Amino acid sequence: MTPQDLIERYVHAVTRRLPMRQRADVAAELRALLAEELGAGDLAAAQALLLRFGAPDEVAARYAPPALVIEQRDTRLFWQINGVIALILGCVAFVGALASPELAGDPAAARALHLEVIERLLVVVGSMTLIFWAIGWLRRRNPSQTGWKPAALPPVRDPDHVNRYGTLAALIYFIAGTIVLVFPAETLALFWGGQMPAPARAALAYDPEFRAARGPVMLVFIIASILWLGWAAWLGRYTRTLRMAQIVTNVASAGVMIWIVRAGPIFVAEAADQIVKLALAIFAIVCLIDAGVQARRLWPRG
Amino acid sequence: MGNEASLSKFELELRRGAVVLAVLSRLGAPQYGYSLRQSLAARGMDVEEGTLYPLLRRLEAQGLLVSEWRIEDGPPRRYYELSADGRALYRELVGSWRTLSEVVTRLIDAEDAP
(Lines give C-alpha, C1' and ligand atoms only; values in the text may rest on other atoms or scores of the structure.)
Protein backbone atom coordinates (compact mmCIF):
# COMPACT_ATOMS: atom_id res chain seq x y z
CA MET A 1 0.00 0.00 0.00
CA THR A 2 1.31 3.45 -0.89
CA PRO A 3 0.96 6.50 1.38
CA GLN A 4 -1.55 7.88 -1.14
CA ASP A 5 -3.68 4.73 -0.84
CA LEU A 6 -3.72 5.12 2.93
CA ILE A 7 -4.73 8.78 2.65
CA GLU A 8 -7.46 7.82 0.19
CA ARG A 9 -8.82 5.24 2.62
CA TYR A 10 -8.74 7.80 5.42
CA VAL A 11 -10.49 10.47 3.38
CA HIS A 12 -13.18 7.96 2.46
CA ALA A 13 -13.59 6.84 6.09
CA VAL A 14 -14.05 10.45 7.22
CA THR A 15 -16.30 11.70 4.45
CA ARG A 16 -18.68 8.75 4.42
CA ARG A 17 -19.70 9.87 7.91
CA LEU A 18 -20.58 13.37 6.70
CA PRO A 19 -23.86 14.69 5.25
CA MET A 20 -24.06 13.84 1.55
CA ARG A 21 -23.87 17.50 0.37
CA GLN A 22 -20.50 18.05 2.10
CA ARG A 23 -18.76 14.84 1.11
CA ALA A 24 -17.19 15.65 -2.26
CA ASP A 25 -15.99 19.10 -1.23
CA VAL A 26 -14.51 18.02 2.11
CA ALA A 27 -12.91 14.98 0.44
CA ALA A 28 -11.16 17.16 -2.16
CA GLU A 29 -9.90 19.59 0.47
CA LEU A 30 -8.85 16.92 2.97
CA ARG A 31 -7.03 14.94 0.28
CA ALA A 32 -5.12 18.04 -0.83
CA LEU A 33 -4.26 19.12 2.73
CA LEU A 34 -3.07 15.68 3.81
CA ALA A 35 -0.95 15.35 0.66
CA GLU A 36 0.64 18.71 1.40
CA GLU A 37 1.22 17.82 5.07
CA LEU A 38 2.83 14.51 4.08
CA GLY A 39 4.99 15.88 1.31
CA ALA A 40 7.42 13.12 0.23
CA GLY A 41 6.87 11.12 3.43
CA ASP A 42 6.69 7.33 3.35
CA LEU A 43 3.96 5.00 4.63
CA ALA A 44 5.17 5.26 8.25
CA ALA A 45 5.02 9.06 8.03
CA ALA A 46 1.51 8.85 6.56
CA GLN A 47 0.42 6.62 9.44
CA ALA A 48 1.89 9.04 11.97
CA LEU A 49 0.15 11.97 10.26
CA LEU A 50 -3.24 10.23 10.28
CA LEU A 51 -2.83 9.19 13.91
CA ARG A 52 -2.21 12.85 14.77
CA PHE A 53 -5.19 13.90 12.71
CA GLY A 54 -7.52 11.66 14.68
CA ALA A 55 -9.91 8.72 14.31
CA PRO A 56 -12.19 9.13 11.25
CA ASP A 57 -15.42 9.21 13.29
CA GLU A 58 -13.99 11.89 15.61
CA VAL A 59 -12.77 13.98 12.69
CA ALA A 60 -16.11 13.65 10.89
CA ALA A 61 -17.85 14.88 14.06
CA ARG A 62 -15.50 17.89 14.10
CA TYR A 63 -16.36 18.72 10.49
CA ALA A 64 -20.11 18.43 11.00
CA PRO A 65 -20.98 18.14 14.71
CA PRO A 66 -24.18 16.06 14.88
CA ALA A 67 -27.03 17.13 17.16
CA LEU A 68 -27.13 15.17 20.39
CA VAL A 69 -29.80 12.48 20.59
CA ILE A 70 -30.26 13.21 24.29
CA GLU A 71 -28.95 16.52 25.55
CA GLN A 72 -26.58 16.49 28.50
CA ARG A 73 -29.05 18.38 30.70
CA ASP A 74 -31.67 15.65 30.10
CA THR A 75 -29.41 12.60 30.47
CA ARG A 76 -29.87 12.11 34.22
CA LEU A 77 -33.67 12.40 33.97
CA PHE A 78 -33.62 10.00 31.00
CA TRP A 79 -31.84 7.33 33.04
CA GLN A 80 -33.99 8.00 36.12
CA ILE A 81 -37.22 7.51 34.16
CA ASN A 82 -35.90 4.39 32.45
CA GLY A 83 -34.62 3.07 35.77
CA VAL A 84 -37.98 3.55 37.50
CA ILE A 85 -39.86 1.92 34.61
CA ALA A 86 -37.35 -0.98 34.55
CA LEU A 87 -37.89 -1.41 38.29
CA ILE A 88 -41.67 -1.42 37.89
CA LEU A 89 -41.46 -3.90 35.01
CA GLY A 90 -39.15 -6.14 37.04
CA CYS A 91 -41.51 -5.96 40.03
CA VAL A 92 -44.56 -6.74 37.87
CA ALA A 93 -42.74 -9.75 36.38
CA PHE A 94 -41.67 -10.87 39.85
CA VAL A 95 -45.23 -10.52 41.14
CA GLY A 96 -46.56 -12.39 38.11
CA ALA A 97 -44.09 -15.20 38.76
CA LEU A 98 -44.93 -15.22 42.47
CA ALA A 99 -48.66 -15.47 41.82
CA SER A 100 -48.21 -18.22 39.23
CA PRO A 101 -46.47 -21.16 40.94
CA GLU A 102 -46.86 -23.19 37.73
CA LEU A 103 -44.06 -21.07 36.18
CA ALA A 104 -41.53 -22.84 38.41
CA GLY A 105 -42.17 -26.12 36.65
CA ASP A 106 -42.41 -24.67 33.15
CA PRO A 107 -39.05 -23.32 31.93
CA ALA A 108 -40.56 -22.34 28.53
CA ALA A 109 -43.22 -20.14 30.17
CA ALA A 110 -40.63 -18.62 32.52
CA ARG A 111 -38.40 -17.86 29.54
CA ALA A 112 -41.33 -16.31 27.65
CA LEU A 113 -42.03 -14.04 30.64
CA HIS A 114 -38.35 -13.11 30.80
CA LEU A 115 -38.29 -12.23 27.09
CA GLU A 116 -41.51 -10.26 27.38
CA VAL A 117 -40.01 -8.11 30.14
CA ILE A 118 -36.89 -7.44 28.03
CA GLU A 119 -39.02 -6.64 24.98
CA ARG A 120 -41.16 -4.16 26.91
CA LEU A 121 -38.09 -2.60 28.46
CA LEU A 122 -36.60 -2.08 25.01
CA VAL A 123 -39.85 -0.48 23.84
CA VAL A 124 -39.72 1.86 26.84
CA VAL A 125 -36.05 2.82 26.28
CA GLY A 126 -36.74 3.35 22.55
CA SER A 127 -39.82 5.47 23.21
CA MET A 128 -38.00 7.53 25.85
CA THR A 129 -35.12 8.11 23.45
CA LEU A 130 -37.54 9.43 20.83
CA ILE A 131 -39.36 11.63 23.36
CA PHE A 132 -36.13 13.12 24.72
CA TRP A 133 -34.77 13.66 21.23
CA ALA A 134 -38.00 15.52 20.34
CA ILE A 135 -37.70 17.66 23.50
CA GLY A 136 -34.13 18.60 22.56
CA TRP A 137 -35.15 19.32 18.98
CA LEU A 138 -37.99 21.59 20.09
CA ARG A 139 -35.69 23.36 22.50
CA ARG A 140 -33.08 24.00 19.80
CA ARG A 141 -35.76 25.11 17.35
CA ASN A 142 -37.52 27.55 19.70
CA PRO A 143 -34.91 28.55 22.27
CA SER A 144 -36.86 31.63 23.39
CA GLN A 145 -40.12 29.76 23.97
CA THR A 146 -38.64 26.80 25.80
CA GLY A 147 -36.53 28.85 28.21
CA TRP A 148 -37.16 28.45 31.92
CA LYS A 149 -38.77 31.07 34.14
CA PRO A 150 -37.52 31.56 37.72
CA ALA A 151 -41.08 32.22 38.92
CA ALA A 152 -42.15 28.79 37.67
CA LEU A 153 -39.69 26.96 39.94
CA PRO A 154 -41.51 24.49 42.20
CA PRO A 155 -41.37 25.14 45.96
CA VAL A 156 -38.86 23.15 48.01
CA ARG A 157 -40.76 20.24 49.49
CA ASP A 158 -40.17 19.42 53.14
CA PRO A 159 -39.70 15.63 53.12
CA ASP A 160 -40.85 15.38 56.74
CA HIS A 161 -44.10 17.25 56.16
CA VAL A 162 -47.23 15.08 56.31
CA ASN A 163 -50.22 16.11 54.25
CA ARG A 164 -52.88 15.68 56.92
CA TYR A 165 -55.90 15.62 54.57
CA GLY A 166 -54.29 13.11 52.25
CA THR A 167 -53.17 10.94 55.15
CA LEU A 168 -56.63 11.04 56.73
CA ALA A 169 -58.18 10.03 53.40
CA ALA A 170 -55.68 7.14 53.18
CA LEU A 171 -56.51 6.20 56.76
CA ILE A 172 -60.24 6.02 56.03
CA TYR A 173 -59.54 4.01 52.87
CA PHE A 174 -57.33 1.52 54.73
CA ILE A 175 -59.77 1.09 57.63
CA ALA A 176 -62.65 0.51 55.21
CA GLY A 177 -60.47 -1.89 53.20
CA THR A 178 -59.53 -3.81 56.33
CA ILE A 179 -63.20 -4.18 57.29
CA VAL A 180 -63.92 -5.51 53.80
CA LEU A 181 -61.00 -7.93 54.10
CA VAL A 182 -62.07 -9.24 57.50
CA PHE A 183 -65.77 -9.51 56.63
CA PRO A 184 -65.87 -9.77 52.81
CA ALA A 185 -69.18 -11.62 52.49
CA GLU A 186 -70.91 -9.53 55.15
CA THR A 187 -69.76 -6.22 53.62
CA LEU A 188 -70.83 -7.24 50.16
CA ALA A 189 -74.18 -8.44 51.49
CA LEU A 190 -74.89 -4.83 52.48
CA PHE A 191 -75.08 -3.98 48.79
CA TRP A 192 -77.62 -6.71 48.23
CA GLY A 193 -79.73 -5.59 51.18
CA GLY A 194 -78.65 -8.62 53.22
CA GLN A 195 -79.75 -11.05 50.51
CA MET A 196 -76.44 -12.01 48.91
CA PRO A 197 -76.73 -14.80 46.30
CA ALA A 198 -75.19 -18.11 47.36
CA PRO A 199 -72.56 -18.23 44.53
CA ALA A 200 -71.23 -14.81 45.58
CA ARG A 201 -71.09 -15.91 49.20
CA ALA A 202 -69.21 -19.08 48.18
CA ALA A 203 -66.79 -17.09 46.07
CA LEU A 204 -65.81 -14.92 49.05
CA ALA A 205 -65.36 -17.72 51.59
CA TYR A 206 -61.91 -17.75 53.20
CA ASP A 207 -59.91 -20.94 53.32
CA PRO A 208 -60.36 -22.26 56.91
CA GLU A 209 -56.61 -22.70 57.47
CA PHE A 210 -55.96 -19.11 56.29
CA ARG A 211 -58.69 -17.73 58.51
CA ALA A 212 -57.33 -19.61 61.55
CA ALA A 213 -53.57 -19.06 61.18
CA ARG A 214 -52.23 -16.78 58.42
CA GLY A 215 -55.09 -14.27 58.34
CA PRO A 216 -54.67 -13.07 61.95
CA VAL A 217 -50.91 -12.58 61.46
CA MET A 218 -51.59 -10.41 58.46
CA LEU A 219 -54.27 -8.47 60.32
CA VAL A 220 -51.72 -7.56 63.00
CA PHE A 221 -49.46 -5.97 60.41
CA ILE A 222 -52.33 -4.18 58.66
CA ILE A 223 -53.44 -2.72 61.99
CA ALA A 224 -49.83 -1.69 62.77
CA SER A 225 -49.62 0.13 59.41
CA ILE A 226 -52.92 1.89 60.10
CA LEU A 227 -51.66 2.94 63.53
CA TRP A 228 -48.46 4.45 62.08
CA LEU A 229 -50.55 6.28 59.46
CA GLY A 230 -52.81 7.67 62.19
CA TRP A 231 -49.75 8.69 64.20
CA ALA A 232 -48.33 10.52 61.16
CA ALA A 233 -51.64 12.36 60.63
CA TRP A 234 -51.70 13.29 64.33
CA LEU A 235 -48.12 14.63 64.39
CA GLY A 236 -48.29 16.34 61.00
CA ARG A 237 -44.59 15.48 60.54
CA TYR A 238 -42.49 12.40 60.06
CA THR A 239 -40.18 11.76 62.98
CA ARG A 240 -37.22 9.41 63.13
CA THR A 241 -39.12 6.94 65.32
CA LEU A 242 -42.14 7.00 63.01
CA ARG A 243 -39.98 6.32 59.98
CA MET A 244 -38.19 3.47 61.77
CA ALA A 245 -41.56 1.97 62.77
CA GLN A 246 -42.80 2.21 59.19
CA ILE A 247 -39.65 0.64 57.75
CA VAL A 248 -39.83 -2.32 60.14
CA THR A 249 -43.57 -2.77 59.59
CA ASN A 250 -43.27 -2.49 55.82
CA VAL A 251 -40.44 -4.99 55.50
CA ALA A 252 -42.15 -7.43 57.88
CA SER A 253 -45.50 -6.95 56.09
CA ALA A 254 -43.89 -7.68 52.72
CA GLY A 255 -42.37 -10.88 54.16
CA VAL A 256 -45.70 -11.92 55.65
CA MET A 257 -47.58 -11.23 52.40
CA ILE A 258 -45.11 -13.28 50.35
CA TRP A 259 -45.34 -16.09 52.92
CA ILE A 260 -49.14 -15.98 52.78
CA VAL A 261 -49.18 -16.11 48.99
CA ARG A 262 -46.77 -19.05 48.89
CA ALA A 263 -48.16 -21.03 51.87
CA GLY A 264 -51.52 -22.06 50.45
CA PRO A 265 -54.98 -20.91 49.42
CA ILE A 266 -56.50 -17.73 50.84
CA PHE A 267 -59.98 -18.12 49.37
CA VAL A 268 -61.72 -21.39 48.70
CA ALA A 269 -62.75 -20.29 45.20
CA GLU A 270 -59.84 -20.49 42.75
CA ALA A 271 -60.62 -17.23 40.87
CA ALA A 272 -60.92 -15.11 44.03
CA ASP A 273 -57.79 -16.77 45.41
CA GLN A 274 -55.70 -15.88 42.31
CA ILE A 275 -56.87 -12.24 42.25
CA VAL A 276 -56.18 -11.69 45.95
CA LYS A 277 -52.77 -13.36 45.70
CA LEU A 278 -51.84 -11.10 42.83
CA ALA A 279 -53.00 -8.06 44.81
CA LEU A 280 -51.02 -9.20 47.88
CA ALA A 281 -47.87 -9.72 45.82
CA ILE A 282 -48.24 -6.19 44.43
CA PHE A 283 -48.75 -4.81 47.95
CA ALA A 284 -45.62 -6.64 49.08
CA ILE A 285 -43.62 -4.85 46.40
CA VAL A 286 -45.23 -1.49 47.28
CA CYS A 287 -44.33 -2.06 50.96
CA LEU A 288 -40.71 -2.77 50.03
CA ILE A 289 -40.50 0.30 47.80
CA ASP A 290 -42.02 2.45 50.57
CA ALA A 291 -39.53 0.99 53.07
CA GLY A 292 -36.73 1.89 50.65
CA VAL A 293 -38.01 5.47 50.28
CA GLN A 294 -38.31 5.88 54.06
CA ALA A 295 -34.83 4.44 54.60
CA ARG A 296 -33.40 6.85 52.02
CA ARG A 297 -34.92 9.78 53.91
CA LEU A 298 -33.78 8.45 57.26
CA TRP A 299 -30.23 7.80 56.12
CA PRO A 300 -29.61 10.15 53.18
CA ARG A 301 -26.47 9.46 51.19
CA GLY A 302 -23.79 12.05 50.88
CA MET B 1 -7.52 11.11 36.81
CA GLY B 2 -3.75 11.52 36.66
CA ASN B 3 -2.14 14.95 36.99
CA GLU B 4 -0.94 14.85 33.40
CA ALA B 5 -4.34 13.88 31.99
CA SER B 6 -5.96 16.56 34.12
CA LEU B 7 -3.48 19.21 32.90
CA SER B 8 -4.03 18.28 29.27
CA LYS B 9 -7.83 18.45 29.71
CA PHE B 10 -7.72 21.94 31.24
CA GLU B 11 -5.14 23.14 28.70
CA LEU B 12 -7.44 21.94 25.93
CA GLU B 13 -10.33 23.91 27.43
CA LEU B 14 -8.14 27.02 27.77
CA ARG B 15 -6.96 26.76 24.18
CA ARG B 16 -10.35 26.10 22.61
CA GLY B 17 -11.52 29.72 22.46
CA ALA B 18 -8.02 31.06 21.90
CA VAL B 19 -7.57 28.92 18.78
CA VAL B 20 -10.68 30.44 17.18
CA LEU B 21 -9.39 33.95 17.86
CA ALA B 22 -5.92 33.04 16.57
CA VAL B 23 -7.40 31.60 13.37
CA LEU B 24 -9.60 34.65 12.77
CA SER B 25 -6.59 36.92 13.33
CA ARG B 26 -4.74 35.33 10.40
CA LEU B 27 -7.62 35.39 7.94
CA GLY B 28 -7.75 39.08 7.09
CA ALA B 29 -6.19 37.93 3.82
CA PRO B 30 -7.06 34.63 2.06
CA GLN B 31 -5.21 31.53 3.27
CA TYR B 32 -5.64 27.81 2.70
CA GLY B 33 -5.52 25.29 5.53
CA TYR B 34 -1.88 24.24 5.31
CA SER B 35 -0.51 27.78 4.86
CA LEU B 36 -2.65 28.98 7.77
CA ARG B 37 -1.28 26.24 10.02
CA GLN B 38 2.28 27.15 9.05
CA SER B 39 1.59 30.81 9.63
CA LEU B 40 0.16 30.13 13.12
CA ALA B 41 3.03 27.76 13.99
CA ALA B 42 5.60 30.38 12.89
CA ARG B 43 4.05 32.72 15.48
CA GLY B 44 4.17 30.11 18.24
CA MET B 45 0.59 28.84 17.96
CA ASP B 46 0.72 25.16 17.10
CA VAL B 47 -2.69 23.87 16.11
CA GLU B 48 -3.14 20.22 15.20
CA GLU B 49 -4.26 19.49 11.65
CA GLY B 50 -7.26 17.49 12.85
CA THR B 51 -8.43 20.50 14.86
CA LEU B 52 -7.70 23.30 12.42
CA TYR B 53 -9.12 21.99 9.15
CA PRO B 54 -12.57 21.01 10.48
CA LEU B 55 -12.65 24.30 12.44
CA LEU B 56 -12.35 26.29 9.22
CA ARG B 57 -15.40 24.48 7.85
CA ARG B 58 -17.40 25.12 11.02
CA LEU B 59 -16.52 28.81 11.04
CA GLU B 60 -17.57 29.01 7.41
CA ALA B 61 -20.86 27.27 8.21
CA GLN B 62 -21.44 29.90 10.92
CA GLY B 63 -20.98 32.67 8.36
CA LEU B 64 -17.70 34.00 9.79
CA LEU B 65 -15.57 32.91 6.84
CA VAL B 66 -16.02 32.73 3.10
CA SER B 67 -14.08 30.33 0.93
CA GLU B 68 -13.35 29.45 -2.68
CA TRP B 69 -11.26 26.97 -4.64
CA ARG B 70 -8.25 28.51 -6.37
CA ILE B 71 -5.42 27.21 -8.50
CA GLU B 72 -2.27 29.24 -7.98
CA ASP B 73 1.24 27.79 -7.75
CA GLY B 74 0.26 24.15 -7.31
CA PRO B 75 -2.80 21.94 -6.95
CA PRO B 76 -6.32 23.34 -6.34
CA ARG B 77 -6.67 24.66 -2.78
CA ARG B 78 -9.56 26.01 -0.80
CA TYR B 79 -8.84 29.53 0.43
CA TYR B 80 -10.59 31.00 3.45
CA GLU B 81 -11.04 34.64 4.39
CA LEU B 82 -13.02 36.59 7.00
CA SER B 83 -16.52 37.53 5.90
CA ALA B 84 -18.03 40.92 6.85
CA ASP B 85 -19.69 39.26 9.87
CA GLY B 86 -16.43 37.53 10.71
CA ARG B 87 -14.55 40.84 10.71
CA ALA B 88 -17.12 42.47 13.01
CA LEU B 89 -17.08 39.49 15.37
CA TYR B 90 -13.29 39.38 15.34
CA ARG B 91 -13.11 43.00 16.53
CA GLU B 92 -15.51 42.28 19.35
CA LEU B 93 -13.67 39.12 20.31
CA VAL B 94 -10.36 40.98 20.44
CA GLY B 95 -11.92 43.43 22.90
CA SER B 96 -13.27 40.57 25.03
CA TRP B 97 -9.93 38.75 24.90
CA ARG B 98 -7.99 41.83 26.05
CA THR B 99 -10.35 42.44 28.96
CA LEU B 100 -10.30 38.79 29.97
CA SER B 101 -6.56 38.57 29.65
CA GLU B 102 -6.04 41.68 31.79
CA VAL B 103 -8.42 40.45 34.48
CA VAL B 104 -6.91 36.97 34.62
CA THR B 105 -3.37 38.37 34.63
CA ARG B 106 -4.29 40.65 37.55
CA LEU B 107 -5.83 37.69 39.38
CA ILE B 108 -2.85 35.39 38.95
CA ASP B 109 -0.35 38.15 39.73
CA ALA B 110 -2.18 39.20 42.89
CA GLU B 111 -0.26 38.86 46.14
CA ASP B 112 -2.75 36.42 47.62
CA ALA B 113 -2.74 34.12 44.55
CA PRO B 114 -1.22 30.70 45.34
Side-chain angles (χ1 to χ4, degrees), chain A residues 2-4 6-68 72 140-141 143, chain B residues 5 8-9 11-13 15-24 26-27 30-42 45-83:
Chain A
T2 65
Q4 287 68 35
L6 187 61
I7 285 176
E8 202 50 49
R9 284 186 189 190
Y10 185 78
V11 168
H12 177 71
V14 170
T15 51
R16 77 186 178 86
R17 292 173 165 88
L18 294 178
M20 201 66 95
R21 63 180 187 284
Q22 288 187 0
R23 286 184 188 177
D25 204 43
V26 170
E29 185 184 21
L30 190 54
R31 196 179 289 118
L33 287 169
L34 288 171
E36 197 144 8
E37 291 277 355
L38 183 63
D42 59 5
L43 191 60
Q47 283 174 341
L49 168 66
L50 299 182
L51 272 175
R52 255 194 344 265
F53 213 94
D57 49 356
E58 274 180 47
V59 174
R62 284 181 216 153
Y63 268 107
L68 290 174
Q72 197 175 11
R140 287 190 294 274
R141 205 176 150 87
Chain B
S8 112
K9 180 176 163 254
E11 262 190 326
L12 196 72
E13 280 182 23
R15 276 173 62 90
R16 198 163 286 151
V19 166
V20 172
L21 190 55
V23 166
L24 296 179
R26 295 288 91 212
L27 289 175
Q31 296 234 42
Y32 64 97
Y34 182 74
S35 70
L36 173 63
R37 205 169 85 78
Q38 299 299 320
S39 158
L40 287 167
M45 186 79 182
D46 275 315
V47 185
E48 287 179 357
E49 307 93 317
T51 301
L52 180 63
Y53 302 151
L55 174 64
L56 291 171
R57 287 278 172 163
R58 291 205 306 276
L59 293 175
E60 187 187 18
Q62 288 168 32
L64 304 179
L65 302 182
V66 286
S67 72
E68 62 175 351
W69 283 96
R70 284 191 203 168
I71 302 173
E72 288 179 353
D73 53 339
R77 290 168 178 141
R78 196 176 183 98
Y79 281 75
Y80 294 86
E81 189 179 6
L82 285 177
S83 65

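Source: prediction; values computed, not measured. Note on naming: letters A, B, ... go to the chains in the order of the sequence lines (proteins, then strands), and numbering restarts at 1 for each one.
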Asks: Is the shortest heavy-atom distance from the side chain of A:Glu29 to the side chain of B:Trp69 under 4.5 Å?
Replies: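 Side chain of A:Glu29 against side chain of B:Trp69, heavy atoms only: contact under 4.5 Å found.
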Asks: Is the shortest heavy-atom distance from the side chain of B:Arg78 to the side chain of A:Leu33 under 4.5 Å?
Replies: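 With C-beta onward as the side chain, the pair stays apart.
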Asks: Considering non-hydrogen atoms only, spot the tightest contact between B:Glu49 and A:Leu49 and give its length.
Replies: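 Taking every non-hydrogen atom into account, OE2-CD1, 3.2 Å.
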Asks: Of all heavy-atom pairs between A:Arg62 and B:Arg58, which one has the smallest distance, and what is that distance?
Replies: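 Nearest heavy atoms, A:Arg62 then B:Arg58: O-NH1, 2.7 Å.
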Asks: Where does A:Val26 contact chain B at under 4.5 Å (heavy atoms): side chain, backbone, both or neither?
Replies: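 Contact with chain B is through both the backbone and side chain of A:Val26.
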Asks: Given the options A:Asp25, A:Val14, A:Leu50, which has more heavy-atom pairs under 4.5 Å with chain B than any of the others?
Replies: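 Most heavy-atom pairs under 4.5 Å with chain B: A:Asp25.
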Asks: Over all heavy atoms of both residues, which pair between A:Arg52 and B:Glu48 is shortest? Give the atoms and the distance, please.
Replies: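 Nearest pair, atom of A:Arg52 first, then B:Glu48: O-OE1, 4.2 Å.
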Asks: Locate the shortest heavy-atom distance separating B:Pro76 from A:Ala32; write the atom from each residue and the value.
Replies: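 Between these two residues, the closest heavy atoms are O-CB, 4.1 Å.
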Asks: Crowded around A:Gln72 CD? As in, over 12 foreign heavy atoms under 6.0 Å?
Replies: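 Not buried by this count: 12 neighbours or fewer within 6.0 Å.
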Asks: Can you tell me if A:Arg9 has over 12 outside heavy atoms packed within less than 6.0 Å of its CZ?
Replies: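 Count not over threshold, so no.
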Asks: Could you tell me which portion of A:Ala28 (side chain, backbone, both or neither) has an atom closer than 4.5 angstrom to a non-hydrogen atom of chain B?
Replies: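 Its backbone and side chain both get close to chain B.
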Asks: Do side-chain atoms of B:Arg57 reach the backbone of A:Ala64 as a donor and acceptor pair under 3.5 angstrom?
Replies: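 Such a contact is absent between B:Arg57 side chain and A:Ala64 backbone.
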